[in-house]
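Order of the sequence lines sets the chain letters (A, B, ...), proteins ahead of strands, with each chain counted from 1.
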Amino acid sequence: MKSKQIFQQYESREVLTAYLFLIPALFVIIAFVLIPVLGTFWGSLFRDVTYLPRKFIGIQNFLYVVGNADFWRALRFTLLFTVTAVILETFFGMLFALLLNETFKGRGFLRTIILIPWAIPTIVSAKVWKLIFDYTYGMLNFFVVNLGFSGGKINWLGSSFAAFWSLITAEVWKTTPFVVIILLAGLQAIPQDLYQQAKVDGAGLFKRFRTITIKLIQPVLIIALIFRTIDSLRIFDLVYVLTGGGPGGSTKPLSMLGFEMYTNDLFGKGSAVSIITFCIVFLITIVYLKTGKFRERFS
Amino acid sequence: MKNIPLLIIIYLLIFTGCGQKNNLSFIVGGTAKTFAFWEKTIKDFKEETGIDVRMIRSATQTEMRKQQIFIALRGRKADPDVMVMDIAWIGQLSASGWLESLNNYDIDTSAFFSNIVNLADTYNNQIIGLPLFIDAGLLYYRKDLLEKYGYPDPPKTWGRLSEMALHIQKEERRNNPDFWGFVWQGAQYEGLVCNALEFFGSAGGGFFSNDNIPIVDSDENIQALQFMANCINKEKISPPNTYTDMKEEEARFIFHNGNALFQRNWPYAGNRHNEEGSPVKGLFGITVLPHFPEGKSVSTLGGWHVGISRHSDRKKDAAAFVKYITSHEVQKDMAVELGLNPGRVDVYESEELKSGFFGALKEVFLAAVPRPTVPYYAQISLVLQKYLNDAIAGNQSPGKALKKAQGEIKEIIKTYEK
């Protein structure tokens, strides 16, 4: 539906009132989203270091960033991290959501405790994971050595491979509950008689899951995927605490690359990285929205 | 709408804040103990001069402290007037024109470590800061263990250090599987650059030549970096998480709990090791860091300096305050109460400090070298952190890593030299 059609249903006075109600929200969006994004873009066009005069340099900051091996490494890590984390979260999220949708004793209790990881601030859970992975005093090494899985201690954050999977473990642990809540809400909205009818028609468990559950849960699933993808693309706190981007910069996400530039007073280049990250997130969101067919579904 | 005037007042209050009184502001970071010390000093200063000073407590992390100060200076704010700055920022602060020259305020600098004032606090022939307290890398060693295994003296060379560490680590591991020969700072952060400068310098290398040309990939540096990597990966006298976790506190914990023979750390660690209840109290000694056969010992200069903002609106009072907190008396109190090492040489001669820990440190400070003082040091450090860490992690050879670092540093210089 085009916006013109929407407005035709109402009198002009009502439209005016609607706009008046919208103004506060619009103000917030413009002041805290639009202006900062445009301001960052403007800043990315300057050479902005404190000890030299500020100078307009066009897209040179972008050329620098794109020509920098660190940028491609960070981009690769960010995408790999996002894809891996989102797939695992969706898988485990679906598993737990299906489980918690069944009626059994202690369901309420389980539904509550499964939310705990999501309720803990990331910086706190990251610190706890850091202790678990710690080489000298960590719980994981304690078990690995004492249960005889490995001859010696393992440096969980020491190689890029191990550090990647340590990060994924912590991230999946933390964010799966979010997927569970959203999917659980979707599951509960599915009318039970659909399953009954399918049963009567002789559909097996797997077929019922494929034709009813997956189909009807899809809109909620897409919402969960959008949120998780955008969040993972912006990953910062977990990496900052656990690996600091190491070893050797192999687990440095785009957000940390920008952060490093800002803290070292490369405001122009940092802005360029931020704008590029913004564009990537924006594009991926559009792809999701198109494939999710939200317009048809919700209007 | 009779409430509109009220609304306007509320908005004004929200957006303008309650105005600050225009007193002298002093930004400093530290622990609760540090803040208590400065509060007392500020009170004494007021009694003596009648000048009110407001203390701004800055963040715990060094990089956050830097941002706090830099944002205010970029915005040309009149506050803070007096600031305590890490030695690593001074090059950039002074090149940005943000530090007031102290030459106009009749401050006598002759009592301070002249090597430090010359190398770190002088910009365009102007004194722009003074060392409030200084730091330099030291070697901590376990006296009792060296004695037990028949070594009369701490090692003079790195080769000797690794020999002793290998031997004693092997013996001690029989009873204590968590024992390590040598702990130092290898995580990817500024501390790694400080450690590397000491290894490099003691092989006759360094980051920059005397006329500020980068010499990062010199043979001496490659040899030194190879030694650092070998400690972790070949001799295994340093823990494998050296390059992931090991910062000052991580190294200190290991040594503190009696789980290390040698430790490279700043002087603060010695104060902690000497506290009541410390497992290594009285069992350790400090000395200058070892060197390679063809070089001499080098310590990286750390520490915090005090300066006056160019944008300050009360420069005269600010200078009086700087003079006060760098006076003999306050510097001595700082040493006694906080265990910090004064920037004034004459304090080390006083009765309270002459013997013991402080006496031994003076020699180290006299020979300490600063990190490069170029304005773009922060970016050079980032490059160094990345490649040094990658090399000690064993991901690439020291030669290759330093060659790449040298290339990137040259690029940075090309971009920013005028």
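In this structure, CG on Asn395(B) lies 8.5 Å from OG on Ser159(A), to the nearest 0.5 angstrom. Between Tyr137(A) atom OH and Asn257(B) atom CG the span is 5.0 Å, to the nearest 0.5 Å. Rounded to the nearest 0.5 angstrom, Gln379(B) CD and Leu266(A) CG are separated by 4.0 Å. Atom OG1 of Thr136(A) is separated from atom CD of Glu250(B) by 9.0 Å, given to the nearest 0.5 angstrom. Rounded to the nearest 0.5 Å, atoms CZ (Arg74(B)) and OG1 (Thr50(A)) are 7.5 Å apart. Rounding to the nearest 0.5 Å places OG1 of Thr244(B) at 13.5 Å from CH2 of Trp156(A).
Between chain A and the residues Lys66(B), Gln92(B), Gln67(B), Glu63(B), the largest count of heavy-atom pairs under 4.5 Å involves Gln92(B). Looking only at heavy-atom pairs under 4.5 Å with chain B, the residue among Leu157(A), Asn264(A), Thr243(A), Asp134(A) that has the most is Asn264(A).
Within the 4.5 Å cutoff, side-chain heavy atoms of Asp178(B) are placed close to those of Lys153(A). Two residues are said to be in side-chain contact when any heavy atoms from C-beta on lie closer than 4.5 Å; Asp70(A) and Lys386(B) meet this criterion. Using a 4.5 Å heavy-atom cutoff, the side chains of Leu382(B) and Glu260(A) are in contact.
With a 4.5 angstrom heavy-atom cutoff, Phe133(A) does not touch chain B via any of its atoms. Of the two parts of Asn241(B), the backbone and the side chain both hold a non-hydrogen atom closer than 4.5 Å to a non-hydrogen atom of chain A. Heavy atoms closer than 4.5 Å to chain A are found nowhere in Trp89(B), neither backbone nor side chain.
Here the closest non-hydrogen pair linking Tyr240(A) and Met64(B) is OH-CE, 4.3 Å. The shortest non-hydrogen separation linking Lys130(A) to Asp245(B) is NZ-OD1, 3.2 Å. Closest heavy-atom contact between Pro240(B) and Asn155(A): O-ND2, 3.0 Å.
Few gaps surround CZ on Arg54(A); more than 12 heavy atoms of other groups in view lie less than 6.0 Å from it. Within a 6.0 Å radius of CZ in Phe161(A), other residues, nucleotides and ligands contribute 12 heavy atoms or fewer. No more than 12 heavy atoms of other residues, nucleotides or ligands lie within 6.0 Å of CG in Asn125(B), so this atom counts as exposed by the packing criterion. In Phe41(A), the CZ atom is not crowded: 12 or fewer heavy atoms of neighbouring residues, nucleotides or ligands sit closer than 6.0 Å.
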